[in-house]
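Heads up: the structure comes next, in structure tokens.
Computation of the quantities below employed the complete heavy-atom set of this structure, encompassing side-chain atoms and omitting hydrogens, waters and symmetry-equivalent molecules. Both counts, for ligands and for their atoms, begin at 1 and track the order of listing.
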Amino acid sequence: MELWFTEPHTENVRFSMKVDRQVYSGKSEFQRIDIFDSLEFGRVLVLDGYTMLTEKDEFMYHEMIVHVPMCAHPDARRVLVIGGGDGGSVRELTRYESLEQIDLVEIDEEVVEACKKYLPQTAGKLDDPRVKIHYEDGLKYIRHHDNEYDVIVVDSTDPFGPGEGLFTREFYGNCFRALKEDGIMVNQHESPFYQETAYAMQRAHKRIVSSFPLARVYQVHIPTYPSGHWLFGFASKKYHPVKGVDWEKWEKLGIKTRYYNTKLHAASFALPTYVEDILKSEEPEEEEKE
Ligand code: SAM
């Protein structure tokens, strides 16, 4: 007997993984949670039928969402992760000894519990003493924080269901306020390739551009996400993501990575022309990008 998990990437495109066995299935107040072992990608976390991560390619996502802002910020001490209950972003953050506090705001405690039990590869550092988990809607949490964080990592689901509020203008404006005067926000920014996700990424960019003085987008390759071509947003009050970055300082930290490196960091901000065109249509005319 063959078992397959199939996820629609668009109305006309599907992506399938051959399943060895299902290890967890539950329904929380917010979403359906499934974890299974696949033959090609190892263990897989699926929320409401959409792949969140696989053991084989999660390093690409988590290294790029964390090390880009952490390298660009010269002295980050306090970091907030919104979403990310699988613990992958927190795991990467705990590799910085200089970090004093890592707040994780996850709406769904059952995601965290299931990942602690079945996905130790990502959840294994959630018990680091610097990590504090808040089980709350990120949209609400951020309303009550002012001038507190050096870096905010928005590691959300897609812009529907519980994650919808994390793509709103109100949310980005409140992240701006919750950051210190030289803070950086990064967010998962959807894919430019298929129409539906391209629209979501264009709309998110428009809202971020209107909330931050500097808003750039960088790319990453994630085989199990729709089209495999994914984007992250980099929004900043002060620091440019590439110009003036002290690459040597980051390299001296000796953090071993499998995807991220400082050359790729700089190169990931060079985007294909069709992506530049989609983004440019949402930027003010006078802005000169470098
Ligand atoms: N690291 C993942 C990846 O590789 O794509 C990102 C997905 S992570 C599991 C997304 C998390 O965001 C989910 O656990 C979900 O429960 C959480 N989430 C969704 N909406 C949220 C909200 N409004 N506030 C806080 N967390 C939220």
Side-chain angles (χ1 to χ4, degrees), residues 7 9 15 24 26-35 41-67 80-93 103-119 121-126 132-145 152-168 170-172 174-175 178 186-191 197 200-201 204 220-233 259:
E7 173 184 341
H9 279 184
F15 180 81
Y24 178 83
K27 184 135 183 35
S28 74
E29 188 190 332
F30 303 100
Q31 55 211 340
R32 179 176 166 158
I33 306 162
D34 290 287
I35 301 178
F41 292 98
R43 201 152 275 190
V44 183
L45 170 67
V46 173
L47 296 181
D48 278 343
Y50 291 96
T51 304
M52 289 294 117
L53 65 86
T54 81
E55 275 181 338
K56 189 165 180 172
D57 66 359
E58 59 83 10
F59 71 102
M60 300 168 161
Y61 180 102
H62 293 120
E63 287 186 13
M64 287 299 277
I65 204 169
V66 165
H67 299 306
L80 170 65
V81 180
I82 297 182
D86 53 81
S89 294
V90 165
R91 178 195 66 206
E92 291 306 311
L93 287 165
D103 286 323
L104 174 72
V105 179
E106 164 61 60
I107 202 167
D108 195 342
E109 187 167 359
E110 284 186 48
V111 171
V112 175
E113 290 310 317
C115 291
K116 276 187 179 165
K117 197 156 175 198
Y118 298 108
L119 271 163
Q121 178 176 312
T122 54
K125 295 288 180 195
L126 287 171
K132 182 155 195 261
I133 307 182
H134 312 258
Y135 292 112
E136 201 180 329
D137 185 338
L139 182 64
K140 291 192 183 142
Y141 178 91
I142 202 74
R143 285 184 189 139
H144 310 290
H145 293 266
I152 298 179
V153 177
V154 186
D155 185 0
S156 65
T157 43
D158 295 322
F160 42 81
E164 199 173 348
L166 306 183
F167 288 80
T168 57
E170 181 209 337
F171 175 71
Y172 296 130
N174 285 335
C175 284
V186 285
N187 65 304
Q188 84 88 351
H189 210 75
E190 302 289 310
S191 168
T197 49
M201 83 72 159
V220 59
H221 167 227
I222 305 174
T224 54
Y225 279 11
S227 86
H229 182 201
W230 213 254
L231 302 174
F232 290 128
Y259 189 89

note = side chain to side chain contact (heavy atoms under 4.5 Å, CB included) with Y61: of L53, T224, V66, D155, only one passes, and it is D155
ask   = Quick one: does S156 get a heavy atom under 4.0 Å from ligand 1?
value = yes
note = heavy-atom search around atom 7 (C) of ligand 1 in the protein gives M52 SD, 3.3 Å
message = Just to check, does Y141 reach to within less than 4.0 Å of ligand 1 when the distance is taken from its heavy atoms?
response = no
remark   = Note: V105, heavy atoms under 4.0 Å from ligand 1, region reported as backbone
task = For G165 and ligand 1, answer yes if some heavy atom of the residue is under 4.0 Å from a ligand atom, otherwise no.
result = no
ask   = Which residue owns the protein heavy atom closest to atom 14 (O) of ligand 1, what's the atom, and how far is it?
value = E106 OE1, 2.8 Å
Gap separating the CG atom of D86 from the CD atom of E106, nearest 0.5 angstrom = 8.0 Å
inquiry  = Heavy-atom distances under 4.0 Å decide this one: backbone, side chain, both or neither, for E58 against ligand 1?
reply    = neither
request  = Give the atoms of ligand 1, by number and element, whose distance to some non-hydrogen atom of L47 is under 4.0 Å.
outcome  = 13 (C), 14 (O)
remark   = The protein heavy atom nearest to atom 12 (O) of ligand 1 is G83 CA, 3.3 Å
ask   = Would you say D155 touches ligand 1, if touching means a heavy atom closer than 4.0 Å?
value = yes
ask   = What is the ring orientation for Y225 with W230, classed by angle as parallel under 30°, tilted 30 to 60°, or perpendicular over 60°?
value = perpendicular
request  = Using distance alone, with no hydrogens and no angle criterion, decide if E63 and H67 have a side-chain donor and acceptor under 3.5 Å apart.
outcome  = no
task = Kindly identify the option in I142, D86, I82 whose heavy atom sits closest to atom 2 (C) of ligand 1.
result = D86
ask   = Under 3.5 Å, N or O to N or O, is L166 touching ligand 1 that way?
value = no
query = Do other residues, nucleotides or ligands put more than 12 heavy atoms under 6.0 Å from R143 CZ?
reply = yes
task = Give the residue and atom name of whichever protein heavy atom lies nearest to atom 19 (C) of ligand 1, and the separation in Å to one decimal.
result = T157 OG1, 3.3 Å
request  = Give the residue, atom name and distance (to 0.1 Å) of the protein heavy atom nearest atom 24 (N) of ligand 1.
outcome  = G138 N, 2.8 Å
ask   = Are any of the heavy atoms in Q188 under 4.0 Å away from ligand 1?
value = no
key: Nearest-neighbour protein heavy atom for atom 5 (O) of ligand 1, which is reported as residue plus atom name and distance   = Y225 OH, 2.1 Å
Heavy-atom gap E164 to ligand 1 smaller than 4.0 Å = no
inquiry  = For atom 26 (N) of ligand 1, what's the nearest protein heavy-atom neighbour? Residue, atom name and distance, please.
reply    = I107 N, 3.2 Å
